[in-house]
Amino acid sequence: MILLASFLFFNYVLKDNLGGAENILTKNEHNDASNDRSGLAMENLRIYTEYPFGLIFYGKNWGDVIYRDYVFSSGITSHNAYLMFFTYLGPFAGIGLLLAIYYKPIQLFLGAVRFIRKKENALMICLCFSFIGICLNALSHNPWLLSADGPTVFLYFSILQLHHIQTRAVAEDAVLNPYIYA
């Protein structure tokens with residue numbers, strides 16, 4: 001049964017998706033300038049140096065500033081969500097907003113890691129590590145929390161909701177059993 005399931009999975013799912021032109025390895029082999037991520041990031045950094053306070057403060061958008069480059073004139077982004085975010089908002093507003101957004105999940109993660117051996121922290125730790133993995137993925141792709149694209153929004157609010165449920169359960173338990181928490 002496992003062999004049959006594996007054969008069917010390969011034929012109907014993997015076969016068409018392994019050797020396609022959209023594979024990152026084949027993009028590197030073709031050495032196409034439009035698929036070069038370092039070139040995309042360099043274009044983004046060039047824009048950042050010309051507009052250091054962020055495109056928003058200069059009244060510009062991405063299409064206004066890439067018209068000069070023959071490779072990236074089609075509106076391709078840098079494939080780095082954080083770099084794009086800093087290019088649009090600048091370093092001060094960008095870092096402040098990122099800290100405001102990520103403060104609570106980081107605080108909850110550190111609290112859960114501090115008591116990692118407790119069974120009631122298992123789901124929180126899993127959600128937090130998944131969230132960290134997705135956030136690190138945004139370093140090389142554009143889907144991330146603020147674009148509401150992908151699982152980051154789900155994980156973000158799952159962490160906050162689980163914390164709300166856990167704190168409410170502790171509060172209700174303290175009301176029902178006041179001698180334990182005295």
Side-chain angles (χ1 to χ4, degrees), residues 20-114 123-167:
E22 295 303 312
N23 185 329
I24 197 166
L25 296 174
T26 57
K27 285 181 180 181
N28 287 338
E29 287 175 6
H30 295 306
N31 202 13
D32 186 13
S34 64
N35 291 322
D36 184 17
R37 292 185 188 269
S38 63
L40 295 169
M42 290 306 295
E43 174 70 9
N44 199 232
L45 289 172
R46 182 193 60 80
I47 293 168
Y48 185 73
T49 57
E50 290 180 15
Y51 304 98
F53 295 112
L55 294 177
I56 288 178
F57 296 108
Y58 293 98
K60 305 278 185 184
N61 64 22
W62 188 256
D64 296 337
V65 295
I66 61 165
Y67 64 93
R68 291 180 233 127
D69 197 315
Y70 69 95
V71 176
F72 306 108
S73 61
S74 64
I76 294 175
T77 62
S78 71
H79 289 282
N80 184 327
Y82 298 110
L83 189 56
M84 289 291 299
F85 185 72
F86 290 131
T87 303
Y88 274 108
L89 290 181
F92 306 113
I95 290 173
L97 188 58
L98 279 180
L99 288 175
I101 290 170
Y102 288 118
Y103 175 74
K104 190 66 174 180
I106 289 171
Q107 181 186 22
L108 294 174
F109 173 71
L110 293 175
V113 168
R114 195 172 309 130
L123 183 58
M124 180 64 80
I125 289 170
C126 292
L127 287 173
C128 288
F129 273 113
S130 299
F131 185 69
I132 289 170
I134 295 293
C135 291
L136 290 176
N137 185 43
L139 292 172
S140 61
H141 298 287
N142 280 329
W144 74 310
L145 183 64
L146 291 184
S147 66
D149 187 15
T152 54
V153 174
F154 174 77
L155 286 169
Y156 182 81
F157 287 109
S158 295
I159 291 169
L160 297 179
Q161 181 66 23
L162 180 61
H163 173 66
H164 175 72
I165 290 169
Q166 287 175 339
T167 55

For a side-chain contact (heavy atoms from CB on, under 4.5 Å) check, start with the C-alpha distance between Ile159 and Cys128, then their side-chain angles and the critical distance, and finish with the verdict. CA-CA 7 Å; Ile159 291 169; Cys128 288; 4.0 Å; yes
Can you see which heavy atom on Phe86 is nearest to which on Gly94, and at what distance? CE2-C, 3.6 Å
Interatomic spacing from CZ in Phe92 to CG in Leu97 - rounded to 0.5 Å: 15.0 Å
Pair listing, side-chain hydrogen bond (donor to acceptor under 3.5 Å, both in side chains) test, anchored in residues 83-105, at least two apart: Asn44-Thr87, Tyr82-Tyr102
Between Tyr156 and Ile101, is there a donor-acceptor pair closer than 3.5 Å when you use the side chain of the first and the backbone of the second? yes
Sequence-distant partners of Tyr48, ring pair (Phe, Tyr, Trp, His ring centres under 6.0 Å), two or more places apart: none
Which atoms form the tightest heavy-atom contact between Pro52 and Pro91, and what is the distance? O-CD, 3.1 Å
Within this structure, what is the CG-CG distance for the pair Leu155 and Leu160, rounded to the nearest 0.5 Å? 11.0 Å
Take Leu45 and Leu83 through the test side-chain contact (heavy atoms from CB on, under 4.5 Å) and record every step on the way to the result. CA-CA 8 Å; Leu45 289 172; Leu83 189 56; 3.8 Å; yes
Rounded to the nearest 0.5 angstrom, the CZ-CG distance for Phe131 and Leu108 is 10.5 Å
Name all residues meeting the ring pair (Phe, Tyr, Trp, His ring centres under 6.0 Å) criterion together with Phe53; count only those two or more places apart in sequence or in a different chain, and write none if there are none. none
Value for CZ (Phe109) from CG (Leu127), rounded to nearest 0.5 Å, stands at 12.0 Å
Value for CG (Leu123) from CD (Gln166), rounded to nearest 0.5 Å, stands at 7.5 Å
Reported NZ-to-CD distance for the pair Lys60 and Glu50, which is rounded to 0.5 angstrom: 10.0 Å
